[in-house]
Each structure stands twice: as structure tokens, then as C-alpha cells.
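Notes follow the structure.
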Protein chains: 2
Amino acid sequence: MARPDSKARAPTMMDVARLARVSPQTVSRVLNDYAFIKADTRQRVLQAIDSLDYRPNIAARTLATSRSRTIGVVATDYLSFGPASALWAVEQAAREAGYAVSIVSLPESNYRTISDALQRLASQAVEGIVMIAPQDVSASAAFMSFDNVPVVTLSSVDTGEHTSIMTDSVEGSRLATRHLIELGHTAIAHVAGPAGFTVSDSRIHGWRKALGEAGLVAVEPVVGDWSAASGYRAGLKVAANREFTAAYVANDRMAQGVLLALHESGRRVPEEFSVVGFDDVPEAAYFIPPLTTMRQDFAALGRRCIEAVLVRINGEPPLEADPLLPVLVVRASTARAPG
Amino acid sequence: MARPDSKARAPTMMDVARLARVSPQTVSRVLNDYAFIKADTRQRVLQAIDSLDYRPNIAARTLATSRSRTIGVVATDYLSFGPASALWAVEQAAREAGYAVSIVSLPESNYRTISDALQRLASQAVEGIVMIAPQDVSASAAFMSFDNVPVVTLSSVDTGEHTSIMTDSVEGSRLATRHLIELGHTAIAHVAGPAGFTVSDSRIHGWRKALGEAGLVAVEPVVGDWSAASGYRAGLKVAANREFTAAYVANDRMAQGVLLALHESGRRVPEEFSVVGFDDVPEAAYFIPPLTTMRQDFAALGRRCIEAVLVRINGEPPLEADPLLPVLVVRASTARAPG
DNA sequence: GGGCAAATTGTTTGCGCAAACAATTCTGAT
DNA sequence: ATCAGAATTGTTTGCGCAAACAATTTGCCC
């Protein structure tokens with residue numbers, strides 16, 4: 001390990017300048033790709049930088065320029081595949097654009113915690129904020145005043161006031177449900193996400209829409225909390241009602257629970273009962289049976305978030321982004337309605 | 001939205017000081033909980049801070065104190081449940097300790113990318129680094145010289161040179177395998193993680209150890225890549241060999257694929273074949289059948305990482321942390337050996 | 001071969017904060 | 001009342017960098 005002088009402070013631009021026999025400002029210019037530097041000078045500076053193992057002090061740069069080159073991310077959950085993928089993509093895209101990412105995660109999400117998180121990030125002088133926060137409350141919280149940091153929310157309502165990047169859940173749900181209808185199912189249950197999430201409503205809405213278009217009636221959806229456990233409980237209820245021959249489940253994790261419930265209830269999938277999920281998590285293809293589901297491109301969502309923030313950071317007019325359309329992936333969990 | 005003066009710069013300590021009729025330094029003292037401030041003065045300052053909506057400039061503070069109050073996190077993967085949970089816990093623990101978290105994620109992990117990531121974080125003057133990086137290469141990379149920033153790795157080899165927080169995979173595997181042995185299984189396959197991951201080896205080792213203790217022979221493990229897809233492929237191979245009546249699979253995701261492969265091969269679980277996984281992901285209880293597995297406490301690992309970094313930041317001697325012992329969670333995927 | 005613009009480098013200054021040092025006010029014990 | 005020491009506040013300075021401005025050199029035209 002090369003730790004030449006553990007106690008000595010890190011080299012500064014001054015040290016580099018001295019070694020390269022130039023002014024500190026010239027070092028700064030080299031570092032910032034200023035055009036009019038003689039090749040020879042640049043060489044000397046780069047050499048000095050290299051030999052001193054110099055690295056610019058970001059804090060000082062931030063102070064001098066009042067640009068932190070950092071984007072803040074607020075996440076209420078990234079333990080699930082979707083948010084995690086989005087976060088991943090956000091980080092990658094940010095880095096490619098030369099931005100660091102500072103993250104704040106919220107164990108629970110209410111106006112207060114979100115406000116704290118935003119304050120915290122504002123204090124770090126982040127230039128933009130991406131909020132991966134599907135709950136309703138987060139959407140409203142994004143309006144809070146805290147300087148002029150642009151905020152982009154992922155997977156939330158489109159309020160018009162700030163940019164929101166999202167998947168078209170309504171249309172996705174319609175397509176999912178229509179797939180079941182086209183297979184001849186007429187009694188199609190819905191296992192919904194919990195209240196307080198905008199996507200819960202969107203997915204209920206799309207399901208209702210497809211049923212309506214086909215002249216079918218929608219009963220009350222069974223409500224879960226996105227977890228496999230809640231899906232299992234919901235699945236037991238759905239299985240108990242012998243009229244249903246299919247269920248559209250608002251996400252894959254709950255669908256996994258539903259599959260287990262159906263299995264334990266002796267309803268064979270897909271012979272007697274069809275199931276469609278939403279998300280297409282990587283494991284969905286290995287459920288028993290492999291799950292038909294709506295694929296969401298979380299990575300694209302994440303990238304779009306960064307695009308949208310960057311646009312705002314650069315003072316350009318907000319991006320007009322159409323919601324992303326999920327695509328139906330047909331697997332073994334759906335088949336023609338029995339009888 | 002209260003954006004009083006969009007173009008005006010944010011208030012500084014100076015502004016607060018003027019409004020509160022004190023010196024800037026007194027404002028600083030109030031902010032930093034200096035003991036000897038008159039209650040009245042403190043009140044005036046706090047009021048001024050509040051009315052101006054003042055927030056200290058972190059960059060300036062960092063420059064002045066050369067303490068960034070930031071911890072860097074390098075992650076090669078947090079799309080899986082384990083790393084994501086750990087990251088989550090790291091972020092929570094860091095925040096509670098008053099530290100911000102700056103994250104760099106690596107799409108691919110080799111000496112170069114890891115080096116870049118560490119450089120990047122060092123440049124941000126992070127005070128410590130947590131590396132959530134199970135690959136072998138990351139362990140060695142942690143030794144790279146880049147100032148004196150303490151590095152703690154999660155779930156890697158214990159090299160003695162830097163602190164490493166981990167689960168006891170060897171013992172965990174031994175317990176998992178012993179569970180199968182106690183159920184009377186004698187031909188126990190292992191679906192292993194890919195080469196290049198220390199845990200892959202540890203888990204193979206624990207499995208071999210348990211077999212050895214019972215006087216059983218170990219054949220070559222089937223190697224996967226942690227994904228359900230690879231588990232499925234491995235499962236087909238294992239199922240093809242009629243001698244096996246059980247498999248210990250190195251993680252739950254692969255176990256899910258194995259279950260599907262067994263199902264498709266007509267081997268009933270657990271009547272004809274038992275499966276044990278590792279991790280206890282939240283969905284494991286809802287596999288078909290629910291999966292017996294070794295529970296890992298990722299959140300605890302994450303918290304420990306922060307503890308370990310803080311200790312090092314404060315110049316105390318490195319923490320001596322025993323590896324965390326995973327616990328066996330018995331579910332429906334294991335039963336007495338047939339016959 | 002003088003002159004003007006571009007190219008190249010240097011100097012001064014301030015970003016917002018806290019450390020170091022200095023000054024003043026208060027307290028209680030004599 | 002008096003003084004030591006604590007309590008409380010103020011002043012000066014520098015952290016490392018880049019912006020603004022200034023100075024010098026070079027290239028190229030007629």
C-alpha cells in the first residue's frame with residue numbers, strides 16, 4: 001500500500017503548480033479542459049498531477065462554483081426489483097453525465113420525512129433531485145419549497161407542476177386484462193396494490209376499463225400491499241370464489257403469493273385458472289408455472305429521470321415525456337378459459 | 001410554492017448574523033451546539049435562521065473543517081435482495097450517525113472500475129467507504145492506496161488488512177446440509193454460485209464439511225450464476241441424476257429455478273426431493289413449495305458496516321466482528337428422504 | 001516590420017464556513 | 001469591594017478552488 005505520508009495533508013493545486021512551474025490557475029485550466037493551453041504546459045501539469053497523485057478537492061470546487069455536480073435521490077423503497085433497478089439506472093446515468101449521486105432513503109414516507117430528506121439534500125447543494133416515490137404523499141411533497149432545485153418524480157402522478165416519469169399503468173392494466181378476456185375469461189378478479197399508491201388506482205382503472213369495453217362486470221378488487229404474503233392472502237379469497245377463472249394481479253410479487261394460494265386450494269394453473277402479473281421481475285419466468293406479466297422497463301425510467309433533471313438543471317424547458325408503455329409477456333400461467 | 005427570490009443567492013451565515021445582531025461566528029456556534037451561548041442569543045439566532053430559511057452550506061463547512069460527513073458506498077449489485085437490504089441498512093445507519101451517503105455502483109467489477117470508483121469517492125473527500133462487493137477482485141481492490149480513507153467490505157474474505165463484515169457461509173452451509181442429512185438424505189447435490197465469489201467457495205466448503213462429517217461423498221457441485229435462470233438449468237441436471245434425493249442450493253433465487261426444474265421433471269418436492277436454499281428472501285415462504293432456507297440478516301450486516309467505518313473514522317482500533325451466523329428456517333421444501 | 005487579434009499564462013479576489021485567538025462580561029469566593 | 005476564573009461574544013484568518021481581470025506572448029496580415 002502506497003501511503004507515503006499518512007499524516008500529511010493531500011496535495012493541492014498549489015503543490016501541483018509549483019512542481020509544474022506554472023500558476024495554480026493554469027492547473028485549474030488543465031483540469032477543466034480549457035482550450036488555450038500549450039501542449040507542453042499541459043503535459044507538465046498532467047505529469048505533476050500524476051506524480052503527486054493529486055485529486056481536486058470537490059468541496060472547494062463546489063464552494064467556488066456553487067455547482068456541486070451532485071444529484072440527490074430520495075427513495076422510499078428500493079428493496080423491490082422495480083425501484084432498485086430504477087435507482088441503479090439513475091446512478092449509472094448520473095455518473096455518465098458527470099454527476100455524483102447522494103441518496104436518502106425513507107423508512108416511512110410522510111410529509112415530514114420527505115421534507116427532511118429534501119432539506120438535507122438541498123443543504124448538500126444538490127443540483128437536482130430524483131424522487132423514487134410511488135406514494136401519493138410524495139407527489140405532493142415534491143412541491144415543497146426549498147430553493148430552486150428541480151425535482152423529478154418517478155412513477156407517480158403527472159401533476160403538470162413538476163416532471164414525472166412513469167409507466168402507463170392504466171394502459172398496461174388494460175392490455176393485461178384484455179389478454180385474459182381474449183382467452184375467453186369472463187370472471188376476472190383483480191388483486192390491487194394498497195391505497196395511497198397512485199399506481200394502485202391506475203391499475204384498478206385499467207382493469208375496469210378493459211372489462212367495461214368487453215361488457216363484463218367488475219367486482220371489488222382484493223387489496224394487497226405488494227408483498228407475496230398479501231398476495232397469498234388475497235389468492236385464498238379469490239380461490240374461494242369458484243366463479244373466477246382468472247386474476248389480474250397488480251405486481252409479480254403478489255402474483256407469486258396468489259399462485260401458491262391457488263396451488264394449495266387445488267386450482268390448477270393455467271388449466272383451471274389464469275394469472276397475469278405486472279413488472280416482469282427476473283424470477284417471473286421461473287414461477288410455477290412461469291408467469292404471464294406486463295414487462296416494465298425500469299432502467300429506461302431511471303435514465304429518463306436523469307435526462308429530465310439535467311434538462312431542468314441546464315435551464316431548458318421541462319421535458320415532455322410520454323409514459324412508457326409496458327409490454328405483455330405471455331408465459332404458462334395463462335390459457336383459454338375452462339369449459 | 002414559496003420561492004421568494006428565485007434569482008437571489010441563498011442566505012449565508014452573514015445574513016443570519018446581521019438579522020440576529022451577532023457575529024457570524026456566534027451563528028456558527030449555535031449551529032454546532034457550542035455550550036457557552038446565552039439562551040437569549042441562541043434564541044435570536046435560531047429565529048433568524050428560521051425566518052431566513054437558512055441552511056448551512058455543506059461544501060463550505062467541508063472545506064473549512066476538511067470533514068465531509070459523508071460515507072461512500074461502492075456497490076457492484078443491489079438488484080438482489082441481499083445487497084439491496086444491506087445498502088438500505090447502511091444508508092439508515094449512516095444517516096442516524098449524521099453522515100450522508102454517496103453511492104457509486106459498478107456495472108462490472110474489475111480492478112479498474114473499482115479503482116475508479118474509489119478515486120471518485122476519495123475526491124469527494126468521503127470519510128469512509130463501505131464496499132458491498134462480494135467478488136474476489138473487490139477484496140483485493142480494497143487495498144489500493146488512495147489517501148487514508150478507511151474501507152470496510154461487506155460479505156467478502158477476511159483478509160485482516162481491512163475490516164470485513166460477513167455472514168458465516170461455511171457454517172451456514174454446514175447447517176443447511178446437516179438438516180438434509182438428519183432427514184435421512186445421503187445423496188445431496190449442491191448448486192453453487194459462480195467462480196470469483198468468495199461465498200461460492202465458502203458454501204461449497206460448508207456443504208463438503210457436513211457431508212464429510214456424516215461420512216458421505218460429495219460429487220462436483222453444479223455451478224450457477226445466482227440467477228433463477230441458472231438455477232433452472234442446474235436443476236434440470238440435478239433432476240436427471242436419479243440418485244439425488246436432495247439439493248442444497250447456494251441462494252434462494254437459484255433455488256426457485258431448481259424448484260421449477262424439478263416440477264417439470266416430475267420430481268415432487270418434498271415427497272421425492274428436498275431443497276434447501278440460502279438467504280431467506282421475503283418470497284421464499286411463497287415458493288411452491290415454501291422454501292426451507294438459511295436466513296441471513298442483511299440489515300444487521302449493513303449496520304455493522306457503518307459501525308466499523310465509524311470506529312475507524314474516529315481513529316479507534318478496528319472492530320473485531322465475528323461473522324454473523326445464519327439460522328435455519330424450515331419450510332415445506334424439505335422432508336424425510338423417500339424409501 | 002508594425003500592428004492587431006488570438007493564444008497563453010499570471011494575479012487578485014471571494015465563495016461560506018470554522019479554527020484560533022482575542023476581548024469582554026459575568027460569577028462567586030474571598 | 002476585589003479578583004480569579006469561567007462564561008460569552010467578537011475578529012482575523014485560511015480551507016482549495018475558479019471567476020474576473022490583467023499581462024504577456026505568438027501568429028499572421030498587409
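Lettering follows sequence order; numbering is per chain, from 1. All figures in this text were calculated on a predicted structure; none of them were measured in a lab.
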Heavy atoms only: give me the nearest B/Ala122-A/Arg55 pair and the separation to one decimal. CB-NH1, 3.3 Å
Pair A/Leu301-A/Gln296, side-chain contact (heavy atoms from CB on, under 4.5 Å): steps then yes or no: CA-CA 9 Å; A/Leu301 289 174; A/Gln296 266 197 92; 4.0 Å; yes
Specify the separation, in whole Å, of atom CZ of A/Arg18 and atom C1' of C/dT11. 16 Å
Run the side chain to side chain contact (heavy atoms under 4.5 Å, CB included) test against B/Ile58 and tell me which residues pass, sequence neighbours left out. A/Ser123, A/Gln124, B/Thr62
Side chain of B/Ser23 only, heavy atoms from C-beta on: which candidate in D/dT11, C/dC17, C/dT9 is closest? D/dT11
Starting from P on C/dT11, measure out to CE on A/Met13 and report it in whole angstrom. 13 Å
Think B/Thr41 has a side-chain N or O under 4.0 angstrom from the OP1 or OP2 of D/dT9? yes
Between B/Ile58 (CD1) and C/dC15 (P), how many Å, whole number? 19 Å
Can you check the A/Met14 CE to C/dT11 C1' distance for me, whole Å? 11 Å
How close or far is atom C1' of D/dG16 from atom CZ of A/Arg67, stated in whole angstroms? 19 Å
Can you confirm whether B/Asp53 sits close enough to B/Pro11 that some side-chain heavy atom of one is under 4.5 Å from a side-chain heavy atom of the other? no
Spacing of A/Lys38 atom NZ relative to C/dA6 atom C1', expressed in whole Å: 14 Å
With nearest nucleotides of DNA chain D determined for B/Ala60 and B/Ala39 from heavy-atom distances, which residue corresponds to the more 5′ nucleotide? B/Ala39
Which part of the nucleic acid, if any, lies within contact of B/Thr65, taking any heavy atom under 4.0 Å across all strands shown: a base, the sugar-phosphate backbone alone, or nothing? sugar-phosphate
Within the structure shown, what part of the strands sits under 4.0 Å from B/Pro24 by heavy-atom distance: base, sugar-phosphate, or nothing? nothing
Non-neighbouring partners of B/Ala125 that pass side chain to side chain contact (heavy atoms under 4.5 Å, CB included), sequence neighbours left out: B/Ser68
Is any side-chain heavy atom of A/Val73 closer than 4.5 Å to one of A/Tyr78? no
Give the rounded distance in Å between these two atoms: CG of B/Leu63 and C1' of C/dA19. 13 Å
Give the residues of residues 25-34 of chain B touching DNA chain D, defined as any heavy atom closer than 4.0 Å, sorted by residue number. B/Gln25, B/Thr26, B/Arg29, B/Tyr34
In short, A/Glu91 meets B/Val104 closest at the heavy-atom pair OE2-CA, 3.4 Å
Would you mind classifying the nucleic acid contact of B/Thr12 as base, sugar-phosphate or nothing, using non-hydrogen atoms under 4.0 angstrom? sugar-phosphate
Length of the line joining B/Asp15:CG and C/dC15:C1', which is rounded to integer Å: 13 Å
